[in-house]
Amino acid sequence: MIQFGKPDITNFLQNLTVSDFAVSPDEKQIVLCTNFNGHFNLWGMDVEKKFPYPLTFNNQISHFITFSKTGEFLLAGFDKDGDENSQIYAIAPEGGSIVPIRFKEGERHFYAHLTENGKNLYYSTTDGNAKYLNSLVYDIENDKEKILIEGSVAPTFIATVSPEEKSFVYIKSFGNTYSLAYVQIDDEDVLLTPPTDEQHTVSGHVYTSEGEIYFLTNYDDDFSYLAKFDIQSRQFKKVFQLEKEDFSSIYYSKKEHALYIVGSYGIEDRLYRYSIADGTNEKIEIPVDIIEKMIIMPSGHLYLLGKTATKPNNIFVSKEKGCSWLELTHYRVPGVRDADLVEPEVLRYPSFDGLEIEALLFKAKEENSNGYVILWPHGGPQSIERKSFRPMFQFLVNQGYSIFAPNFRGSSNYGLNFMKMVEGDWGHGPRLDNITGIDWLIEKGYADRDKMLLLGGSYGGYMALLLHGRHADYFKAVVDIFGPSNLFSFIDSVPEFWGPFMKQWIGDPEKDKDKLIADSPITYLDGMTKPMFVIQGANDPRVVRKESDQIVAALKEKGREVGYTVLEDEGHGFSKKANEIFVYKKILEFFNTEINK
């Protein structure tokens with residue numbers, strides 16, 4: 001009888017995924033951004049045949065995809081190897097060449113809206129106003145352009161446009177926890193939320209008619225809820241809220257005259273339908289844990305892109321208002337049974353000051369476990385670790401490592417107040433939340449004191465460096481993936497339109513000098529005594545190469561053991577499968593070497 005061996009590490013790293021998608025007006029074609037050939041490109045899929053075919057060959061991930069309502073073309077945004085300077089291109093539904101629509105090297109374009117007739121493109125750009133952005137409308141047919149808003153005070157983005165282009169909504173973003181929305185009507189700018197000195201956010205704006213705008217806000221509240229603004233009366237109204245539910249996105253079904261609302265508290269999403277006509281709501285069962293995107297077609301059909309902890313992004317359709325779902329793509333981990341993948345255990349523990357912290361534990365199966373636990377502080381920091389498929393997690397867990405991922409203070413999806421707790425405090429509260437989590441894990445028998453490792457990316461990379469410098473005795477080895485090492489140089493090097501956020505987000509380099517020194521990992525070089533491996537994308541515009549270069553050089557000068565890999569064709573992440581496989585294998589090799597010394 002033929003015996004098949006267990007899947008090896010290659011199986012866990014060969015998984016593919018969908019990063020974005022669009023649906024043709026007649027619903028006969030789906031265009032998806034996927035990495036079938038090891039690089040992200042746009043692929044078409046005829047819904048009836050369900051067999052994909054390539055549309056683009058530029059090997060770049062898309063920042064957005066949208067079909068013109070006429071079905072004549074698509075618009076998509078591509079950067080160059082992770083530099084995040086997105087340019088806007090047009091593509092025929094059958095693919096082939098891509099035509100630059102809004103292009104300027106070194107500048108960034110933010111798509112906002114394409115009109116029903118496919119003629120007018122609304123977008124915002126760094127071109128001419130790198131700090132606060134300009135917003136424009138471009139007449140594609142006549143190649144004419146008009147500036148609508150010259151950004152000032154804060155980075156300013158067009159959010160959406162009314163059906164007849166009589167008004168539009170724009171957002172002034174002061175940070176992740178503070179934004180204001182305005183509707184411009186006949187050159188008059190009207191604030192959507194009542195005036196207040198209290199910071200709050202606005203998002204997810206939808207016109208349901210020329211006179212009504214629905215959106216999400218946490219104005220005068222800790223959690224986001226559904227609100228409405230009546231253009232004629234200039235009135236704001238709270239419409240729909242659920243207890244301990246943070247609404248994150250909304251989608252309008254014109255056929256049903258209903259809103260589909262994505263909500264969550266913590267690690268997984270939920271979907272609700274809100275009837276505008278009678279104010280009733282119902283919960284819709286979904287086939288995923290995390291919703292990445294929804295599209296609602298004029299037919300009322302729902303298309304959903306989402307994932308679970310053990311399955312990468314897939315596209316689903318419901319033609320029955322969410323009563324049942326058909327999976328249109330079938331991305332899995334090739335050569336690996338579902339039974340070989342690990343669902344996370346949800347843990348909650350009190351931090352050093354009594355604050356409850358929710359965490360995920362991906363526990364290696366008993367037959368694979370080597371007893372080691374990897375602490376994973378997530379990126380952001382105003383983000384969250386969720387029941388979301390990470391190939392690196394499943395890969396490392398299969399190799400015997402358990403992964404502990406706490407949602408420390410500052411994480412999103414736990415309310416505005418929780419999210420604001422990291423602002424001006426990058427290195428104290430969140431750091432102690434992580435350390436307290438390790439102590440709790442050890443006390444409860446989930447981990448051994450001498451079998452802890454540390455791995456993080458972006459803010460998580462910063463936290464990995466800081467924990468290494470201040471708490472090295474907890475860890476046997478450390479991996480930092482593009483983490484800021486010096487808060488002063490980090491503040492000076494971020495994209496220019498991030499600049500206005502920095503004082504609230506991190507601190508003032510002059511007024512908060514002592515605090516920023518205390519919170520900078522490079523301050524604690526003497527404490528960084530454990531073997532370390534650093535990974536950096538050369539094109540990263542968020543955490544520039546200098547952040548990794550300087551910490552590696554300083555440690556090597558002290559004679560410390562530190563490996564360093566720079567990926568020349570990546571930015572703030574890994575968009576190319578070969579690079580992803582290379583990095584994950586290097587991390588595994590590094591950890592295996594260190595635990596076996």
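- Remark: Lys131 engages no residue in a salt bridge (Lys or Arg N to Asp or Glu O under 4.0 Å) (not counting sequence neighbours).
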Candidate pair Glu145 and Asp139, rule side-chain contact (heavy atoms from CB on, under 4.5 Å), full reasoning = CA-CA 6 Å; Glu145 190 163 69; Asp139 182 336; over 6 Å; no

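- Between the side chains of Gln382 and Ser412, no donor N or O sits under 3.5 Å from an acceptor N or O.
- Within the structure, salt bridge (charged side-chain N to carboxylate O under 4.0 Å, His left out) contacts touching residues 61-83 (residues at least two apart or in different chains) are Asp81-Lys576.
- Remark: side-chain polar atoms of Ser458 are not paired, donor with acceptor, to backbone N or O of Gly460 under 3.5 angstrom.
- When only modelled atom types and interatomic distance are considered, Thr329 and Asn314 share a side-chain donor-acceptor pair under 3.5 Å.
- Checking Ser275 against His257 by side-chain atom types alone, no donor-acceptor pair falls below 3.5 Å.
- Distance check, rounded to the nearest 0.5 Å: OG of Ser203 to CG of Leu216 gives 4.5 Å.
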For Thr126 and Glu496, run side chain to side chain donor-acceptor pair (under 3.5 Å): C-alpha distance rounded to whole Å, both residues' side-chain angles, the deciding distance at 0.1 Å, then the answer.
-> CA-CA 9 Å; Thr126 57; Glu496 194 168 344; over 6 Å; no

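- Side-chain contact between Ser124 and Thr156: absent, with no pair of heavy atoms (C-beta onward) separated by less than 4.5 Å.
- Two residues are said to be in side-chain contact when any heavy atoms from C-beta on lie closer than 4.5 Å; His205 and Leu192 meet this criterion.
- Defined by atom type and a distance below 3.5 Å, a donor-acceptor pair is present between the side-chain atoms of Glu570 and Ser575.
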How far apart are the C-alpha atoms of Asn120 and Tyr138, what are their side-chain angles, what is the distance that settles it, and do they pass the side chain to side chain donor-acceptor pair (under 3.5 Å) test?
-> CA-CA 6 Å; Asn120 288 338; Tyr138 173 61; over 6 Å; no

Please walk me through it: do Leu271 and Tyr260 pass side-chain contact (heavy atoms from CB on, under 4.5 Å)?
-> CA-CA 7 Å; Leu271 182 64; Tyr260 284 80; 4.2 Å; yes

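- Under 3.5 Å, the side chains of Tyr170 and Asp189 contain a donor-acceptor pair of N or O atoms.
- Ring pair Tyr251/Tyr214: centre-to-centre distance not below 6.0 Å.
- Pairs engaging residues 274-307 under the ring-ring contact (aromatic ring centres under 6.0 Å, His included) rule: Phe240-Tyr274 [sequence neighbours left out].
- The shortest distance between side-chain heavy atoms of Tyr252 and Ile276 falls below 4.5 Å.
- Identified under the salt bridge (charged side-chain N to carboxylate O under 4.0 Å, His left out) test for residues 228-242, with sequence neighbours left out: Glu188-Arg234, Glu212-Lys228, Asp221-Lys238.
- Rounding to the nearest 0.5 Å places CD1 of Ile147 at 9.5 Å from OG of Ser135.
- Between Leu360 and Val346 there is a side-chain heavy-atom pair separated by less than 4.5 Å.
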Report, one line per pair, each donor and acceptor closer than 3.5 Å where one atom sits in a side chain of residues 84-92; sequence neighbours left out.
residue: Glu84; atom: OE1; partner: Arg108; partner atom: NH1; Å: 3.4
residue: Glu84; atom: OE1; partner: Arg542; partner atom: NE; Å: 3.1
residue: Glu84; atom: OE2; partner: Arg542; partner atom: NE; Å: 2.8
residue: Glu84; atom: OE2; partner: Arg542; partner atom: NH2; Å: 3.2
residue: Gln87; atom: OE1; partner: Lys104; partner atom: N; Å: 2.8
residue: Gln87; atom: OE1; partner: His109; partner atom: ND1; Å: 3.2
residue: Gln87; atom: NE2; partner: Asn85; partner atom: O; Å: 3.3
residue: Gln87; atom: NE2; partner: Lys104; partner atom: O; Å: 3.1
residue: Gln87; atom: NE2; partner: Glu107; partner atom: O; Å: 3.2

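- Side-chain rings of Tyr111 and His63 stay apart, their centers remaining 6.0 Å or farther from each other.
- Looking at Tyr123, Phe64, Phe497 one by one, the single match for ring-ring contact (aromatic ring centres under 6.0 Å, His included) with Phe110 turns out to be Phe497.
- When all heavy atoms are compared, the tightest approach of Phe229 to Leu191 is CE1-O, 3.8 Å.
- Counting heavy atoms of neighbouring residues, nucleotides and ligands inside a 6.0 Å radius, atom CD of Glu150 does not exceed 12 of them.
- Side chains of Ile30 and Leu328 form a contact here, defined as non-hydrogen atoms less than 4.5 Å apart.
- In this structure the side chain of Phe40 never reaches within 4.5 angstrom of the side chain of Val18, judged on heavy atoms.
- For the 3.5 Å distance criterion, the side chains of Tyr53 and Glu94 fail to qualify, holding no donor opposite an acceptor.
- When all heavy atoms are compared, the tightest approach of Glu385 to Ile267 is O-CG2, 3.8 Å.
- The two residues Thr201 and Asn218 come nearest to each other via the heavy atoms N-OD1, 2.7 Å.
- Residues that satisfy the side chain to side chain contact (heavy atoms under 4.5 Å, CB included) test with Asp289, not counting sequence neighbours, are Glu268, Thr308, Lys387.
- Rounded to the nearest 0.5 Å, atoms CG (Leu226) and CD1 (Ile261) are 4.5 Å apart.
- In this structure, the ring of Phe168 has its center no less than 6.0 angstrom from the ring center of His113.
- Met294 and Leu302 make their closest contact through CE-CB, 4.3 Å (heavy atoms, listed as atom of the first residue, atom of the second, distance).
- Contact detail for Leu32 and Ile65: the closest heavy-atom pair is C-CD1, 4.4 Å.
- Side chains of Glu27 and Ser299: a donor on one and an acceptor on the other come within 3.5 Å.
- Residues Thr34 and Tyr331 have side chains that bring a donor and an acceptor to within less than 3.5 angstrom of each other.
- Summarising the geometry of Gly118 relative to Ile140, their closest heavy-atom pair is O-CD1, 3.8 Å, with the distance given to 0.1 Å.
- In this structure, Lys172 and Tyr182 have side chains that are in contact, with non-hydrogen atoms separated by less than 4.5 Å.
- Heavy atoms of other residues, nucleotides or ligands lying less than 6.0 angstrom from CD of Glu165 number more than 12.
- With hydrogens and angles ignored, the 3.5 Å screen pairs a side-chain donor or acceptor of Trp325 with a backbone N or O of Glu285.
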Would Leu416 and Gln199 count as a side-chain contact (heavy atoms from CB on, under 4.5 Å) if you check the C-alpha gap in whole Å, the side-chain angles of each, and the deciding distance to 0.1 Å?
-> CA-CA 9 Å; Leu416 182 65; Gln199 293 190 2; 5.7 Å; no

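- Between Tyr265 and Phe223 the shortest side-chain heavy-atom distance falls below 4.5 Å.
- For the atom pair CG of Asn413 and CG of Asp269, the computed distance is 7.0 Å after rounding to the nearest 0.5 Å.
- Look at Lys119 and Glu141 and you find a salt bridge, because one of the NZ, NE, NH1 or NH2 atoms lies within 4.0 Å of a carboxylate O, short of that distance.
- Leu55 pairs with exactly one of Asn41, Ile98, Leu42 by the side chain to side chain contact (heavy atoms under 4.5 Å, CB included) rule, that one being Leu42.
- With hydrogens and angles left out, the side-chain atoms of His378 and Ser411 include a donor and acceptor closer than 3.5 Å.
- Here the straight-line distance linking atom CZ of Phe78 with atom OG of Ser62 works out to 5.5 Å at 0.5 Å rounding.
- Side-chain N/O atoms of Asn129 and Asn134 include a donor and acceptor closer than 3.5 Å.
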